Amino acid sequence: MTAPLKPGSTIGILGGGQLGRMTALAAARLGYRCHVYAPEADSPGMQVADAATVAPYEDAAALARFSAAVDVVTFEFENVPAATLEALAPLAPCRPGVAALRICQDRLAEKAFLEGRAGVPVAPWRAVETEQDLAAAVAEIGLPAVLKTTRLGYDGRGQAVLRTPEDIAPAFARLAPKPLVLEGFVPFMAELSAIAVRGVDGTTAVFDAVENRHRHHILDLSFAPARVPAEVATAAQRHAVRVAEALDLVGVVALEMFLLPNGELLGNEIAPRPHNSGHWTIDACLAGQFEQHARAVAGLPLGSAVRHHDAVMLNLVGPEGLARWDRLLGRPDVAPHLYGKAEARVGRKLGHATRILPRGALAAMTDAEALSGF
Ligand SMILES: Nc1ncnc2c1ncn2[C@@H]1O[C@H](COP(=O)(O)OP(=O)(O)O)[C@@H](O)[C@H]1O
Ligand SMILES: [Mg+2]
């Protein structure tokens with residue numbers, strides 16, 4: 001086992017977004033410094049970090065200098081090129097490592113991993129490279145179905161729902177880069193996610209599973225805990241822990257799932273990093289997802305993932321989201337968070353707000369009650 005990082009050590013974070021920013025804030029509370037590496041200057045992460053490197057992910061000299069300045073490397077963004085982590089691996093401990101990153105960067109590898117090593121069922125899927133492959137996949141899976149790029153998709157970008165045969169050719173022409181993956185359309189009752197964390201010594205902890213709602217393909221709301229039967233919530237947590245273990249991960253991992261009307265769960269996506277659906281844990285758990293990530297990466301014992309309050313998390317997206325800020329600031333039951341992004345572009349995640357409720361209260365509330373004032 002590796003010794004824990006001493007207070008005052010430096011955690012290197014690849015990626016400059018809000019996930020790195022909130023990791024750096026949590027790491028600071030544990031007595032660590034953070035050094036953010038990203039191609040964009042004045043990124044949300046850099047604004048709260050001790051040091052920053054502004055350089056492309058392919059800059060070998062900048063990566064070497066970065067590795068010399070940090071004690072451990074993590075990432076807050078799973079589209080960091082695998083080659084970047086490979087270049088860093090001989091120079092500094094990388095947590096998580098490149099193997100986990102590779103699986104989560106590629107929807108085909110991710111699905112094979114979920115069904116195989118992790119033992120989490122997924123919707124039927126077929127790899128699609130050519131239009132002939134797509135015709136064969138549609139014949140097997142049927143319509144409706146969802147066609148997705150295997151790489152670089154996020155917030156619903158890089159996917160198309162195929163409802164009729166006429167949708168097939170335009171979707172194939174539009175989506176790039178190839179290869180693609182065709183998935184059966186899942187008639188889900190709800191979307192759930194669960195976040196697990198695994199330490200250097202292999203111990204795990206898991207947060208309560210939550211229920212997620214999207215708007216324009218972007219996460220809008222998370223309800224914590226998910227209002228589902230206890231056995232469903234436990235199964236969701238167990239799946240997330242299995243994913244962390246089978247990835248041999250050190251750090252936090254989120255598993256997005258679909259809940260079917262018969263109570264079965266299907267795995268959808270894995271994020272080997274803190275996740276938007278876990279932001280509520282900052283304010284409603286003793287050790288939130290960012291603290292857990294910092295603890296795992298630093299080789300510390302994990303913290304308690306116990307939820308001391310129920311919570312509803314609202315994303316503040318674009319100018320519309322920002323317009324709610326002043327009102328949210330005035331509420332005694334809301335913890336407001338802003339990410340320091342200069343431009344309030346439409347569709348951009350600018351912050352979030354977590355409404356805290358007494359533990360156990362959410363189960364008896366209607367959506368209107370849970371969201372009142374948001
Ligand atoms: N196979 C599917 N069946 C039904 N809905 C889907 C399916 N795949 C994705 N979706 C919907 O699209 C959203 C985004 O898809 P996802 O695969 O999570 O990509 P990303 O989050 O990277 O954009 C999901 O949260 C879900 O609402
Ligand atoms: Mg997703």
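Below, each value reflects all heavy atoms present in this structure, side chains not excepted, and no hydrogens, waters or symmetry copies. Order of appearance sets the numbers: ligands from 1, and atoms from 1 within every ligand. Residue numbers start at 1 and run along the sequence shown. Since the structure is predicted, the reported quantities are computational estimates derived from the model, not experimental observations.
For atom 7 (C) of ligand 1, the closest non-hydrogen atom on the protein side is Phe258 CZ, 3.5 Å. Ranking the protein heavy atoms by distance from atom 5 (N) of ligand 1 puts Phe188 CE2, 3.5 Å first. Shortest contact from atom 3 (N) of ligand 1 to any protein heavy atom: Val186 N, 2.8 Å. Closest to atom 27 (O) of ligand 1, if we only count protein heavy atoms, is Glu191 OE2, 2.7 Å. Here the heavy atom of the protein found nearest to atom 2 (C) of ligand 1 is Val146 CG2, 3.6 Å. The protein atom (non-hydrogen) at minimum distance from atom 21 (O) of ligand 1 is Glu269 OE1, 3.0 Å.
At a cut-off of 3.5 Å, with distance as the only test, a side-chain donor of Glu256 or His275 sits close to an acceptor on the other residue.
In His214, the NE2 atom is crowded: over 12 heavy atoms of neighbouring residues, nucleotides or ligands sit closer than 6.0 Å.
For ligand 1, the atoms closer than 4.0 angstrom to any heavy atom of Glu183 are 1 (N), 2 (C), 8 (N). The contact set between ligand 1 and Glu256, taken as ligand atoms under 4.0 Å from a residue heavy atom, comprises 18 (O). The His214 neighbourhood of ligand 1 comprises atoms 25 (O), with distances under 4.0 Å to a heavy atom of that residue.
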Q) side-chain contact (heavy atoms from CB on, under 4.5 Å) between Leu260 and Leu266: does it pass, once the steps are laid out? A) CA-CA 8 Å; Leu260 300 180; Leu266 296 179; 4.0 Å; yes
Q: Walk me through it: do Thr354 and His279 pass the test side chain to side chain donor-acceptor pair (under 3.5 Å)?
A: CA-CA 8 Å; Thr354 302; His279 291 357; over 6 Å; no
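Paired with Thr10 under the rule side chain to side chain contact (heavy atoms under 4.5 Å, CB included), one option of Asp50, Val72, Leu5, Asp71 passes, and it is Asp71. Across His308, His337, Arg355, a single residue satisfies side-chain hydrogen bond (donor to acceptor under 3.5 Å, both in side chains) together with Asp283, and that is His337.
When distances from atom 24 (C) of ligand 1 to the protein are checked, a heavy atom turns up under 4.0 Å. For atom 13 (C) of ligand 1, the protein comes within 4.0 Å by no heavy atom at all.
In the candidate list Gln159, Lys148, Glu78, Lys148 is nearest to atom 8 (N) of ligand 1, counting heavy atoms.
Between Gly184 and ligand 1 there is a heavy-atom distance shorter than 4.0 Å.
Without hydrogens or angle criteria, Arg307 side chain to Ala224 main chain gives no donor-acceptor distance under 3.5 Å. In this structure, the side chain of Thr23 engages the main chain of Leu19 through a donor-acceptor pair within 3.5 Å.
Looking at Asn268 against ligand 1, only its side chain comes within 4.0 Å, counting heavy atoms.
Atom OE1 is the N/O/S atom of Glu256 found closest to the Mg ion (ligand 2). Taking the N/O/S atoms of Glu269 in turn, the shortest distance to the Mg ion (ligand 2) belongs to OE1.
Figure legend: cation-pi geometry between Lys6 and Tyr32 absent, as NZ or CZ is not positioned both under 6.0 Å from the six-membered ring centre and within 45° of its axis.
Between Phe207 and Trp280, the angle of the ring planes goes over 60°, which puts this pair in the perpendicular group of the 30/60° scheme.
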